[in-house]
Participant: 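Before anything else, here's the structure in question.
We use all heavy atoms of the structure for the numbers below, so side chains are in, but hydrogens, waters and symmetry mates are not. Proteins get letters first, then strands, A, B, ... in listed order; numbering begins at 1 in each.
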Amino acid sequence: MRTTQFHLVTRKETPQDAEIISHQLMIRAGMIRKLGAGLYTWSPLGFRVLRKMEAIIREEMNASGALEMLMPAVQPKELWEETGRIEDFGGQLLAMTDRADRDYFFGPTHEEVITEFVRDEVSSYKQLPINFYQIQTKFRDEIRPRFGVMRSREFIMKDAYSFHLSEESLDETYRLMEATYTTILDRMGLNFRCVLADSGAIGGSGSQEFHVIADSGEDAIMYSDESDYAANIEKCAAVSLISQRAEPSEVISVVATPNQKTIEEVSHFLDIQAEQMVKTLLVKGIDGPVALVIRGDHQLSEVKAAHLPEVDSPLQFLDDKAVRELTGCDVGSVGVKDLNCPVIVDLTVANMSDFVCGANRDDHHLTGVNWQRDAEFQQQADIREARAGDPSPDGRGRLKQARGIEVGHIFKLGDKYSKAMNAVVLDETGRSQALQMGCYGMGVSRLVAAAIEQCHDENGIIWPAALAPFQVAILPMNYQKSVQVKETADELYKRLTKAGYEVILDDRKVRPGFMLSDFELLGIPHQVIIGDRSLDEGFVEYRHREKMEKQKIERAKIFEFLTQQTCL
RNA sequence: CGGGGUAUAGCGCAGCCUGGUAGCGCAACUGCUUUGGGAGCAGUGGGUCGGGAGUUCGAAUCUCUCUACCCCGACCA
């Protein structure tokens, strides 16, 4: 490809409303352009990268035995009524109506469609196990799309759905998909981690996420420094930090804490550590309010709390008025003693003694509070967020924290959808059995952004070999005027192209500095600089985008040299 | 969904307060010079000032309204 025949529109200035580096670089390199909130056009340059991602995914999915297919992006509403997931997805569903006033959703995912397909197509255990996948445009009406294609509303996703007679067979395919995802991300040259995950709105029993490690990642992931335990912070078990509850040593007493409401204020006012306090959080439950109690220095895990059967999901805090009705005081003075609602305490809190909490009376707290003697709880549960430094839940090592971009998620769905939609097969004995199901997603467009987050420097993108839109860039200096430069560049271009390389030759009439910095921005891995100065001595120059030092290569040997560098 | 902000040429912005029919930089186009690190000079094209309504002799500017986009928040206890 010659740049004058291609569509190359770069920008030297950072776009104003791009916050993260991948978004900035994708705009500057001209890979994407925004059409509307969370909607992006992929230019020919960006699309080349997207296709590279897809090709790797497709190859590995096919190699795993999965079968590619294509489902409609538009789905009838009735299908979603069968599984009752309309509420789960809520406002994320883009609803539309056709001329006959029939209701549709633009698919955010395809469990319903594939299950509908399978219930008609698969009737015998002999057809199992089977794994279908597609690479397709999805739409989720995010509350707040941001970061370019990282969190867009329309996006491209590879989604796979496997079907089984037994849980063992599901386990097998699930592990195969885990291995396949690992191969895919390895081939892309990305630094990633597979972590235990919460299964969210999709539902099901087990799930793992694949995260590309990057400081700009929207998720926090926890991992052990000694074992291979790793989990999304939403899922990471937070163990009790106190192994055994000590006997009470203090007398319970009421202290005045005028205008001291937050943990920080009260602990400072009383000159105690936040670890000696508990926070009593009042939330809406299935049968009226529920109190959730965590240690003063801990964070509530909203995901874990919402999973408790007694608690409404999604989690909703009581408003100030409801708090006063229940406790007779302001939210800043709520405590565990004589609370007129069920009390669920975190595992650490269950073992605390002589602690401080609100007195359920404005501007007062209690000190020296002890369980059993002064207050009761109905249940203990893991409801806090794990923290770096906590013991790893598998008992080996301590937890560390990193930021990750979720690019893949695999789930064991079990029979949740097959039961709801009556997808059954006959087993060996002729009995009807609900299908076991797995689902495996991978965000293709997000992967492009994630790769850039991980692979860039101050001058632009540094594409990993497998993802680059072009492998080799030929950068001739004064191509328009110098005959020897033009001939050398054209000849190399012809030879490389013929040999099957993806080459871009910059034949624009631009100044050298402009051209060189453009290709630093674009991140093409192998760059050959051809100019009169070195050509007069019989050389051309080579540089790799990552290292950037120029090497002189004999003009006659450059083709062989590139062949070795690129290992095509 | 709540709060705040913005909307003027492809991009980034000024002009608005104090109404008089639109400007700067970059980009684009033409010509000449230059040609190994974001060139110089001269010239050219491009905007119903987000949409609608109102006030006025006259509105980018004042008023109302709609829309779009951006940012913050939705974990005080």
Participant: Between B:C1 atom P and A:Glu142 atom CD, what is the distance in whole Å?
Facilitator: 16 Å

Participant: Would you say the side-chain atoms of A:Tyr479 and A:Asp490 include a donor-acceptor pair closer than 3.5 Å?
Facilitator: yes

Participant: Scan A:Gly531 against the nucleic acid and name what it touches under 4.0 Å (heavy atoms): base, sugar-phosphate only, or nothing.
Facilitator: base

Participant: Take the protein atom CD of A:Gln92 and the nucleotide atom P of B:C1, then report the distance between them rounded to whole Å.
Facilitator: 15 Å

Participant: According to the Watson-Crick and G-U wobble definitions, with both distances under 3.5 Å, which nucleotide is paired to B:C32?
Facilitator: B:G40

Participant: Under the 3.5 angstrom rule, does the side chain of A:Ser392 hit a backbone N or O of A:Arg398 as a donor-acceptor pair?
Facilitator: no

Participant: Whole-Å distance between B:G37 C1' and A:Leu475 CG?
Facilitator: 12 Å

Participant: Cation-pi check, A:Arg495 to A:Phe559: give yes when NZ or CZ is under 6.0 Å from the six-membered ring centre and within 45° of the ring axis, no otherwise.
Facilitator: yes

Participant: What's A:Glu19 touching, base or sugar-phosphate or nothing? Going by heavy atoms closer than 4.0 Å.
Facilitator: sugar-phosphate

Participant: Looking for any heavy atom pair under 4.0 Å, which part of the strands does A:Ser333 touch: base, sugar-phosphate only, or nothing?
Facilitator: nothing

Participant: Remember a base hit wins even if backbone is also touched, and classify A:Ser517 as base, sugar-phosphate or nothing at under 4.0 Å, heavy atoms.
Facilitator: base

Participant: For a quick check of understanding: with a heavy-atom distance under 4.0 Å over all strands, which category does A:Glu520 fall into, base, sugar-phosphate or nothing?
Facilitator: base

Participant: Short question: side chain of A:Asn360, backbone of A:Lys337 - any donor-acceptor pair under 3.5 Å?
Facilitator: yes

Participant: What's the closest nucleotide to the A:Arg511 side chain, out of B:U35, B:C70, B:G10?
Facilitator: B:U35

Participant: With sugar-phosphate meaning primed atoms plus P, OP1 and OP2, does A:Ile263 contact a base, only sugar-phosphate, or nothing at under 4.0 Å between heavy atoms?
Facilitator: sugar-phosphate

Participant: Calculate the interatomic distance between A:Met548 atom CE and B:G37 atom P; express it in whole Å.
Facilitator: 14 Å

Participant: State whether A:Tyr493 and A:Arg2 meet the cation-pi test: NZ (Lys) or CZ (Arg) under 6.0 Å from the six-membered ring centroid, and within 45° of the perpendicular axis.
Facilitator: yes

Participant: A:Gly332 or A:Pro145: which one's nearest nucleotide on RNA chain B is closer to the 5' end?
Facilitator: A:Pro145

Participant: Where the side chain of A:Val331 is defined as all heavy atoms beyond and including C-beta, which of B:C76, B:G37, B:C70 is the nearest nucleotide?
Facilitator: B:C76

Participant: Measure from CD on A:Glu13 to P on B:G25 and round the result to the nearest Å.
Facilitator: 13 Å

Participant: Remember a base hit wins even if backbone is also touched, and classify A:Arg543 as base, sugar-phosphate or nothing at under 4.0 Å, heavy atoms.
Facilitator: base

Participant: I want to verify a distance call: between B:A77, B:C70, B:U34, whose nearest atom is closest to the A:Lys279 side chain?
Facilitator: B:A77

Participant: For A:Leu516, which contact category applies under a 4.0 Å heavy-atom criterion: base, sugar-phosphate, or nothing?
Facilitator: base

Participant: Between B:C70 and A:Lys34, is there an OP1 or OP2 to side-chain N/O distance shorter than 4.0 Å?
Facilitator: yes

Participant: Assuming nearest nucleotide by heavy-atom distance, tell me which of A:Phe539 and A:Phe317 is located more 5' along RNA chain B.
Facilitator: A:Phe539

Participant: What does A:Lys481 touch in the nucleic acid at a heavy-atom separation under 4.0 angstrom: a base, only the sugar-phosphate, or nothing?
Facilitator: base

Participant: Counting only Watson-Crick pairs (N1-N3 plus N6-O4 or O6-N4) and G-U wobbles (N1-O2, O6-N3), all under 3.5 Å, who is the partner of B:A9?
Facilitator: none

Participant: Figure out the CG/P separation between A:Asp518 and B:C26, and round it to whole Å.
Facilitator: 17 Å

Participant: Pick out which of A:Met26, A:Met31, A:His23, A:Glu154 makes a side-chain contact (heavy atoms from CB on, under 4.5 Å) with A:Val149.
Facilitator: A:Met26

